[in-house]
Amino acid sequence: MNLPPVVQHESELIQNAKLRSRLRTALVRWFAEHARDLPWRRDPTPYKVWVSEIMCQQTQIANVIPYFERFIKRYPDEASLAASDEDELMRLWEGLGYYRRARSLRTAAQKIVELHDARFPLTYDDVIALPGIGRYTAGAILSISQNQALPILEGNTIRVFSRWIAMQTPVDEKTSQNQLWQFSQSLLPTGKSALACRDRGPAAVNQAAMELGALICTPREPKCLVCPVAKFCDANTMGLQSIIPGKVTKTQYEARNEFAAVVRGPNGRLLVRQIPAGARFAGMWDFPKAGPPEAENAAQFTQWLEHQLGGTIELGAVVQTIKHAVTKYRITLHAHVAAWTRDATDLPDNYQFVTAAQLTKLPMSTTGRKLLDRL
DNA sequence: AATGCGGGGAC
DNA sequence: GTCCCAGCATT
């Protein structure tokens, strides 16, 4: 097979600081004009920027906004977050996904109260030591809130920077990542005046690079014709913007059938349980639910349920079929009504009969909430 | 280096 | 359906 030779392009942007300076000027000028009005940009305190950054991880900005508003209203500062009730916190996070983020946020707030007098720390080493905060998030918080000259690298900037320098190697490789981090650092201004000015310092440069990725330098069909820095972009010059960055390993999706039971108790209460620590959806409340390998079909689910609860289960009609995508899984959830004949008075561990009204205050898995809402 | 973690929006 | 999103922690 004949493949074109891979030629590592030497980007002038990497060599030439003056060129980067001109790019930066055009970039922040564009940002001043086109930045979206996001709630955490109005008063970018370290605390608010922190919360927004955690919420934004692997999540589209538009989905974050209402969550952010509610969160800040309920937990306006580090101390109130540290003292938060876990169920209430998870209820506020419900639907946003990656629930470990919320727990880490709370744990970190408690550390901040203990170690930093309830004020968000302002050095990189202190910040990255907090749970849930890695290199990107630490740099983002301190650059955006404090205008510190710390680099960032995430979904948007990986794409933007790799296009600017026409990176030919796969962006997920270690050497590529190192080069992109280095480029990100080299893009930041070092002059005293810029570091004293949010509008053209690291706060603006980092946010502008991400904003460009979100609004102009998009994954598919980047809007190069209206890009404010197109003339600095090697991929654009070379006509490579549609193939850089190359695609990463593609996801293998897996179809999966799961089963849930709606069991009614006294006064129409519903049988639910809080999922134990360590499992997926830990801490969230849900109807009795199982899938492979415990339950491949309705009969096995019935057996599993009898084993869980004791007594006998009579599985009835399907009340809902819910399609749900979770990471690589494509789940079809078959929700049945079920009659439970108990042989003991005690409910098994974690299980409880609760009213629908109580469930509105408890955190549930998304499928659990959907099922409840349509009962 | 690879994998798990949730969900939703764009196309 | 497929891709991707202001990543991190764990193995």
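Please read these numbers as outputs of a predicted model, since none were measured by experiment.
Contacts of L38(A) with the nucleic acid, taken as non-hydrogen atoms under 4.0 Å apart, include base atoms. Using a 4.0 Å heavy-atom cutoff across all strands shown, Y253(A) reaches at least one base atom of the nucleic acid. Within 4.0 Å (heavy atoms only), R159(A) reaches sugar-phosphate atoms of the nucleic acid but no base atom.
When every heavy atom of A102(A) is checked against every heavy atom of L89(A), the shortest pair comes out as O-CD2, 3.6 Å. Contact record, P222(A) with Q241(A): CG-CG, 3.9 Å, taken as the closest heavy-atom pair. Closest approach of S365(A) and K289(A) over heavy atoms only: OG-NZ, 4.1 Å. Minimum interatomic distance between A166(A) and M238(A) (heavy atoms only, all atoms of both residues): CB-SD, 3.8 Å. Residue A140(A) comes nearest to I152(A) through the heavy atom pair N-CG2, 3.6 Å, listed as atom of the first residue, atom of the second, then distance. Here the shortest heavy-atom pairing between R91(A) and L362(A) reads CD-O, 3.2 Å.
Non-hydrogen atoms lying under 4.0 Å from DNA chain C are contributed by M210(A), E211(A), all within residues 208-217 of chain A. For the segment residues 43-74 of chain A, residues with any heavy atom less than 4.0 angstrom from an atom of DNA chain B are, sorted by number, Q58(A), T59(A), Q60(A), N63(A). Residues from residues 91-104 of chain A that place a heavy atom under 4.0 Å from any atom of DNA chain C, listed by number: Y98(A), R100(A).
Each of R330(A) and I128(A) has a nearest nucleotide on DNA chain C; the 5'-most of these lies closest to R330(A). Closest-nucleotide positions on DNA chain B for K328(A) and S365(A) were compared, and the one nearer the 5' end corresponds to K328(A). Of the residues near DNA chain C, R220(A) and W40(A), the one whose nearest nucleotide (by heavy atom distance) lies more toward the 5' end is R220(A). Along DNA chain B, the nucleotide closest to A282(A) and the one closest to K174(A) are compared, and the more 5′ of them pairs with K174(A).
The outermost nucleotides of DNA chain B lying under 4.0 Å from heavy atoms of chain A, listed 5' to 3', are dA1(B) to dG9(B). With a cutoff of under 4.0 Å to any heavy atom of chain A, the contacted region of DNA chain C is bounded 5' to 3' by dT2(C) to dA9(C).
With hydrophobic clusters built from ILVMFWY side chains whose heavy atoms lie under 4.5 angstrom apart, I158(A) shares a cluster with L188(A).
The one candidate from I144(A), L142(A), N147(A), L150(A) that meets the side chain to side chain contact (heavy atoms under 4.5 Å, CB included) condition with P202(A) is N147(A).
Looking at D37(A) and R42(A), a side-chain N of the basic residue comes within less than 4.0 Å of a carboxylate O on the acidic one, giving a salt bridge. The pair E78(A)-R119(A) fails the salt-bridge criterion, with no side-chain N (NZ, NE, NH1 or NH2) lying under 4.0 Å from an Asp/Glu carboxylate O.
Below 30°, between 30° and 60°, or above 60°: for F120(A) and W50(A) the angle between ring planes is between 30° and 60°, a tilted geometry. Ring pair F183(A)/F161(A) is perpendicular by interplanar angle, where above 60° counts as perpendicular and below 30° as parallel.
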Donor-acceptor pairs under 3.5 Å, side chain of residues 315-329 of chain A to any protein atom, not counting sequence neighbours: which ones?
from    : atom 1 : to      : atom 2 : distance (Å)
Q320(A) : NE2    : L371(A) : O      : 3.1

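Here CG of L19(A) is found 8.0 Å from OG of S11(A). Values are rounded to the nearest 0.5 Å.
The same atom, P, is picked in dA6(C) and in dC11(B); the two are 14 Å apart, to the nearest Å. Here the separation of dG8(B) from dC8(C), taken at their P atoms, is 23 Å to the nearest Å. Only the C1' atoms considered, dG6(B) is 16 Å distant from dC3(C), to the nearest whole Å.
A cation-pi arrangement is found for R70(A) relative to Y67(A), the charged atom lying closer than 6.0 Å to the ring centre and inside a 45° cone about the ring normal.
No more than 12 heavy atoms of other residues, nucleotides or ligands lie within 6.0 Å of NZ in K231(A), so this atom counts as exposed by the packing criterion.
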